[in-house]
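Working notes, structure below.
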Amino acid sequence: QVQLVESGGGLVQPGGSLRLSCAASGSVFGIYPMGWYRQAPGEQRDMVALITSSGNTNYANSVKGRFTISRDNAKNTVYLQMSSLKPEDTAVYYCYIHAGSRISWGQGTQVTVSS
């Protein structure tokens with residue numbers, strides 16, 4: 001089983017920045033697609049960003065140009081650098097890894113953007 005531990009969430013003012021981290025451990029052997037979803041109260045869980053095993057990235061239109069996803073394969077860690085944050089970015093952010101046919105999720109980390 002794969003465990004994903006997230007960190008880096010918190011409270012930030014509009015226009016500020018945060019960097020989320022997600023470290024995978026356990027039975028993950030190889031390089032797999034990883035990424036981030038987010039879910040606000042009463043909303044569905046939406047894709048934010050993903051990065052493939054080859055390093056290609058994809059972003060939701062709402063965050064493109066503001067967020068950057070990256071990975072450190074040696075550390076089995078994926079990052080989400082969030083800049084120019086907006087109140088509508090407020091959500092619980094979940095990382096995931098798509099290892100083979102199985103998707104594993106992190107525990108979620110709260111990001112709140114407010115004045």
Side-chain angles (χ1 to χ4, degrees):
Q1 190 175 11
V2 178
Q3 295 81 44
L4 298 174
V5 179
E6 304 180 28
S7 62
L11 174 65
V12 65
Q13 293 185 347
S17 299
L18 284 174
R19 188 193 192 210
L20 306 183
S21 299
C22 175
S25 63
S27 58
V28 52
F29 303 98
I31 303 173
Y32 299 99
M34 300 181 71
W36 298 87
Y37 277 64
R38 68 186 182 186
Q39 187 171 27
E43 305 282 341
Q44 68 179 14
R45 187 174 297 187
D46 293 327
M47 188 274 290
V48 176
L50 66 86
I51 184 165
T52 70
S53 59
S54 61
N56 293 323
T57 59
N58 194 19
Y59 299 91
N61 288 334
S62 58
V63 307
K64 192 172 182 64
R66 300 186 298 118
F67 290 12
T68 301
I69 188 170
S70 61
R71 65 191 300 161
D72 185 335
N73 292 329
K75 298 180 179 179
N76 286 322
T77 299
V78 64
Y79 306 93
L80 187 67
Q81 178 66 51
M82 305 183 294
S83 300
S84 301
L85 283 163
K86 305 175 180 179
E88 51 262 45
D89 295 319
T90 296
V92 178
Y93 284 70
Y94 299 89
C95 68
Y96 71 89
I97 182 170
H98 190 178
S101 62
R102 184 179 67 192
I103 298 177
S104 299
W105 295 92
Q107 81 280 7
T109 184
Q110 177 71 49
V111 172
T112 302
V113 185
S114 176
S115 298

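Being a predicted model, the structure only gives us computed values, none of them experimental.
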Validation row: [X], [Y] side chains within 4.5 angstrom (heavy atoms):
X     : Y      : value
Met82 : Phe67  : yes
Val2  : Ser27  : yes
Leu20 : Val111 : yes

Tell me, please, which residues at least two apart from [X] pass side-chain contact (heavy atoms from CB on, under 4.5 Å).
X      : result
Ser17  : Gln81, Ser83
Val12  : Leu18, Leu85, Val113
Tyr94  : Glu6, Gln39, Arg45, Val92, Trp105
Ser114 : Leu11, Thr112

By the disulfide bond (SG atoms under 2.5 Å apart) test, which pairs, at least two apart or in different chains, include something from [range]?
range           : result
residues 23-52  : none
residues 64-115 : Cys22-Cys95
residues 40-82  : none

For Tyr79, the rest of its hydrophobic cluster, which grows through side-chain links under 4.5 angstrom: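 ILVMFWY cluster around Tyr79 holds nothing else.
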
Connected hydrophobic set around Val5, excluding itself, where side chains approach under 4.5 Å: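 Joined to Val5, directly or through intermediates: none.
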
Nearest heavy-atom neighbours spanning Ser70 and Val78: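 It is O-CG2, 3.2 Å.
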
Shortest non-hydrogen separation from Met34 to Ile97 and the atoms involved: CG-CG1, 3.8 Å

Side chains of residues 49-57: which donor-acceptor pairs under 3.5 Å do they make with residues two or more places apart or in other chains?
residue: Thr52; atom: OG1; partner: Ser54; partner atom: N; Å: 3.3
residue: Thr52; atom: OG1; partner: Ser54; partner atom: OG; Å: 3.0
residue: Thr52; atom: OG1; partner: Gly55; partner atom: N; Å: 3.4
residue: Thr52; atom: OG1; partner: Asn56; partner atom: N; Å: 3.1
residue: Ser54; atom: OG; partner: Asn56; partner atom: ND2; Å: 3.3

Salt bridge (charged side-chain N to carboxylate O under 4.0 Å, His left out) contacts in which one or both residues fall within residues 86-95, not counting sequence neighbours: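 Every pair satisfying salt bridge (charged side-chain N to carboxylate O under 4.0 Å, His left out) with a residue in residues 86-95: Arg38-Asp89, Arg66-Asp89.
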
Aromatic ring proximity Tyr37/Tyr96, centre distance under 6.0 Å: yes

Gap between atom CG of Asn76 and atom CD of Gln3 - 0.5 Å precision: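 Going from the CD atom of Gln3 to the CG atom of Asn76 covers 11.5 Å.
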
Non-neighbouring partners of Arg102 that pass salt bridge (charged side-chain N to carboxylate O under 4.0 Å, His left out), sequence neighbours left out: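 For Arg102, no residue satisfies salt bridge (charged side-chain N to carboxylate O under 4.0 Å, His left out) once neighbours in sequence are set aside.
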
